[in-house]
Amino acid sequence: MSRVINQQFQVVILAGGHGSKMNPLAKDIAKPLLRVGNRPLISYVLEMMQKAQFDEVIIVTHSQMVSQIQSYLETSDIKSNTRIITVKEDLGTADVLRSIREQIRSDFIVISSDLITDAPLHHVADIHRVFDSTVTLLLHQEEKETLTQMQKDKFYYQDYIGLNEDNICFFGSSIDFEKRIKTKPWILNKYGEFSLHRNLTDSHIYIFSRWILDLLSIKKEISSIKGDLIPYLVSKQATLLQKEKYSKIFKRFHKQAPVQKSINCIAVIDSKEPHISKFNNYENVKSSNIFIRVNTVSSYKRANFEIAKATSELLPFEKKVSDDFVDATTNLVNDPFLTSPCIIGQCVSIGAKSVLMKSIIGPHCKIGENVKIQNSIIMDHVTIGNDCVINDSVICSNSLIQNNCELVSCVVGSTYSIEENSSYKNKLLKNMFNFSK
């Protein structure tokens, strides 16, 4: 896609979530700035937009997060025209779009700040423009092994998406149904047949026609993009929007429009498997190397380890040393044993005879002697005493783990202190003031 076409789209990044499903990881930091692979979560989306040459980016967040996000933007390498707009905390995602509608002049892309992917978004935008879609969704097909892992998460809800070729004719989630999935007669009347998919995930990347914002100004009961707006648009494909009924919309944006305007909801599928699609041979539409929404503790862990593997162009900021990433300010003078891939942040000290195996160590951490850390994520400013064993755990910022402790499959909240000679397995350890309902 040319740079001229990219400039026809504005990008809206939704960055207002508090990370309630990630307790206690995002307790003391704005979730968009939570470090994944030792870099702020939102940096992956911003890098994606910059590489695709989308020049105008709007970050929508809450007032208490503005200063943190602004500070990051001022020190980052992001060159696009990026600005922050604040909204009320209790707004749904469609409510957010309604509240900023005067800031949006063109077709626009909505993306969540907690998504990490290298999917070719600029080509999805090209498809949206070429086929004049009302809304274009990027759907991701998870590999069977990954999907099985995701289904074990207590916060996981399965998407049910009906497709007739590339047209979305059914859109719902397992949270919407008790026992049976009920479909409307119009679907078969219009399409004749469709396939219902349980292995496609809504990526929370939506490309909308500009007039949708004016529709939202009329349909004020629509609060959520995924829960309300997309199902509404999908259902309205069976009918035609009457110009008289939505005169406010067409008067402004369709001055030369016919009396009737059809709605079409298009799906672009990110998949390593071949599928029936008129976009199969579309220029340069290819599958992603990484695609993770970081909205639970388990997905946070998976994202960190995937970034460490360096299977995509989305890499840690640290310098690559062999198969690991080590910041230039960290001098591994005691020659710890590393099993790749590891990420080691700035100003980290590691004691003699320590072993790091497939783990991420945040900046300014102090790790004692004879420590074994495996498949774990250690955030910034963590102190770990001598003779400790940490396996399959997440240790949040400013925590203290004293000598001779063993942690297996634990999550340790920020500023928490673990006494000497302690042993925990499958525990959530946090200070009382970290408690959230």
Full working for side chain to side chain contact (heavy atoms under 4.5 Å, CB included) between Asp270 and Leu139: CA-CA 6 Å; Asp270 173 56; Leu139 306 176; over 6 Å; no

Is there a side-chain contact between Leu163 and Ile269 (heavy atoms, below 4.5 Å)? yes

Let me confirm one number: the OG1-CD distance from Thr86 to Gln64, rounded to the nearest 0.5 Å. 10.0 Å

Within this structure, what is the CD1-CG distance for the pair Ile222 and Leu215, rounded to the nearest 0.5 Å? 5.5 Å

Looking at Asp380 and Arg35, is any side-chain nitrogen of the basic one under 4.0 Å from a carboxylate oxygen of the acidic one? no

Those residues at least two apart in sequence (or on a different chain) that pass side chain to side chain donor-acceptor pair (under 3.5 Å) with Lys358 are none

Any non-hydrogen side-chain atom of Tyr206 less than 4.5 Å from a side-chain atom of Ile109? no

By salt bridge (charged side-chain N to carboxylate O under 4.0 Å, His left out), Lys51 pairs with (sequence neighbours left out) Glu47, Glu313

If we ignore hydrogens and angles and just use 3.5 Å, is the side chain of Ser71 paired with the main-chain N or O of Ile69 as donor and acceptor? no

Just to verify, what does Asp323 make a salt bridge (charged side-chain N to carboxylate O under 4.0 Å, His left out) with, not counting sequence neighbours? none

Do Ile111 and Val12 make a side-chain contact, defined as non-hydrogen atoms from C-beta onward lying under 4.5 Å apart? no

Side-chain H-bond candidate by donor/acceptor type, Ser414 with Asn398, under 3.5 Å: no

Do the side-chain N and O atoms of Thr415 and Asn431 include a donor-acceptor pair separated by under 3.5 angstrom? yes

Any donor-acceptor N or O pair under 3.5 Å, side chains Ser271, Gln141: yes

How many angstroms lie between CD1 in Ile418 and CD1 in Ile390, if you round to the nearest 0.5 Å? 7.5 Å

Hits for side chain to side chain donor-acceptor pair (under 3.5 Å) against Asp324, two or more places apart or cross-chain, chain-then-number order -> Ser340

Is there a side-chain contact between Lys226 and Asp202 (heavy atoms, below 4.5 Å)? yes

Contacts of Asp327 that satisfy salt bridge (charged side-chain N to carboxylate O under 4.0 Å, His left out) - sequence neighbours left out: none

Closest approach of Ala15 and Ile42, non-hydrogen atoms and distance? CB-CD1, 4.3 Å

I'd like to know whether Ile100 forms a side chain to side chain contact (heavy atoms under 4.5 Å, CB included) with Val87, so could you lay out the CA-CA distance, the side-chain angles of the two residues, the decisive distance to 0.1 Å, and finally the verdict. CA-CA 9 Å; Ile100 66 169; Val87 295; 4.2 Å; yes

Least distance between heavy atoms, Ser113 atom then Ile13 atom: CB-CG2, 3.7 Å

For Asp55, is there any backbone N or O sitting under 3.5 Å from a side-chain donor or acceptor partner on Asn81? no

Verdict with supporting geometry, Lys31 and Asn295, side chain to side chain contact (heavy atoms under 4.5 Å, CB included): CA-CA 9 Å; Lys31 181 190 170 186; Asn295 58 350; 3.9 Å; yes

Selection residues 321-375 - residue pairs positive for ring pair (Phe, Tyr, Trp, His ring centres under 6.0 Å), sequence neighbours left out: His364-His381

Least distance between heavy atoms, Thr330 atom then Cys347 atom: OG1-N, 3.1 Å

Thinking salt bridges, do Arg293 and Asp114 make one under a 4.0 Å N-O criterion? yes

Pair Arg105 + Glu56, salt bridge at N-O below 4.0 Å: yes

Of all the heavy-atom pairs spanning Leu138 and Ser203, show the shortest one and how long it is. O-OG, 2.5 Å

Report yes if some heavy atom in the side chain of Leu73 is under 4.5 Å from a heavy atom in the side chain of Ile84; otherwise report no. yes

All pairs passing ring pair (Phe, Tyr, Trp, His ring centres under 6.0 Å) where residues 59-114 contributes a residue, at least two apart: His18-His62, Phe108-Phe208

Under a 3.5 Å threshold, yes or no: a donor from one side chain and an acceptor from the other, between Asn404 and Asn421? yes

Assess Arg198 against Tyr160: is NZ or CZ under 6.0 Å from the centre of the six-membered ring, and within 45 degrees of the ring's axis? no

What pairs meet the salt bridge (charged side-chain N to carboxylate O under 4.0 Å, His left out) rule with one or both residues in residues 337-356, with sequence neighbours excluded? none

Under the salt bridge (charged side-chain N to carboxylate O under 4.0 Å, His left out) test, which residues partner Asp387, sequence neighbours left out? none

What pairs with Lys88 under side chain to side chain donor-acceptor pair (under 3.5 Å), at least two apart in sequence or on another chain? none

Could you tell me which non-hydrogen atom of Val294 sits nearest to which non-hydrogen atom of Leu41, and how far apart they are? CG2-CD1, 3.9 Å

Straight-line distance of Ile361 CD1 to Lys366 NZ, nearest 0.5 Å: 15.0 Å

Does any pair with a residue in residues 391-412 pass ring pair (Phe, Tyr, Trp, His ring centres under 6.0 Å), and if so which ones, sequence neighbours excluded? none

Is the side chain of Gln374 donor-acceptor paired with the backbone N or O of Ser359 at a distance under 3.5 Å, no angle test? no

Measuring from Asp392:CG to Ser409:OG, what's the distance to the nearest 0.5 Å? 4.0 Å

Quick one, Leu229 and Ile212 - any side-chain contact, counting heavy atoms below 4.5 Å? yes

Quick one: pull up CG in Asn164 and SG in Cys169 and give me the separation to the nearest 0.5 Å. 5.5 Å

Is it the case that the side chain of Glu306 and the backbone of Phe291 share a donor-acceptor pair, with hydrogens and angles ignored and the cut-off at 3.5 Å? no

Do any N or O atoms from the side chain of Tyr424 and from the backbone of Leu429 form a donor-acceptor pair under 3.5 angstrom? no

Any Lys/Arg nitrogen of Asp95 or Arg98 sitting under 4.0 Å from an Asp/Glu carboxylate oxygen of the other? yes

Heavy-atom side-chain proximity of Ile384 to Ile373 below 4.5 angstrom: yes

Exactly one of Val268, Ile266, Thr134, Thr136 should register a side chain to side chain contact (heavy atoms under 4.5 Å, CB included) with His128. Which one does? Thr136

Could you tell me if Gln346 and Glu318 have a donor-acceptor pair between their side chains, going purely by distance under 3.5 Å? no

Are any side-chain N or O atoms of Asn386 and backbone N or O atoms of Gly368, one a donor and one an acceptor, separated by less than 3.5 Å? no

Any side-chain heavy atom of Ser354 sitting closer than 4.5 Å to one from Asn334? no

What one should report as the nearest heavy-atom pair of Arg101 and Leu213 is NE-O, 3.7 Å

Short question: side chain of Arg39, backbone of Leu315 - any donor-acceptor pair under 3.5 Å? yes

Who are the side chain to side chain donor-acceptor pair (under 3.5 Å) partners of Glu406, not counting sequence neighbours? none

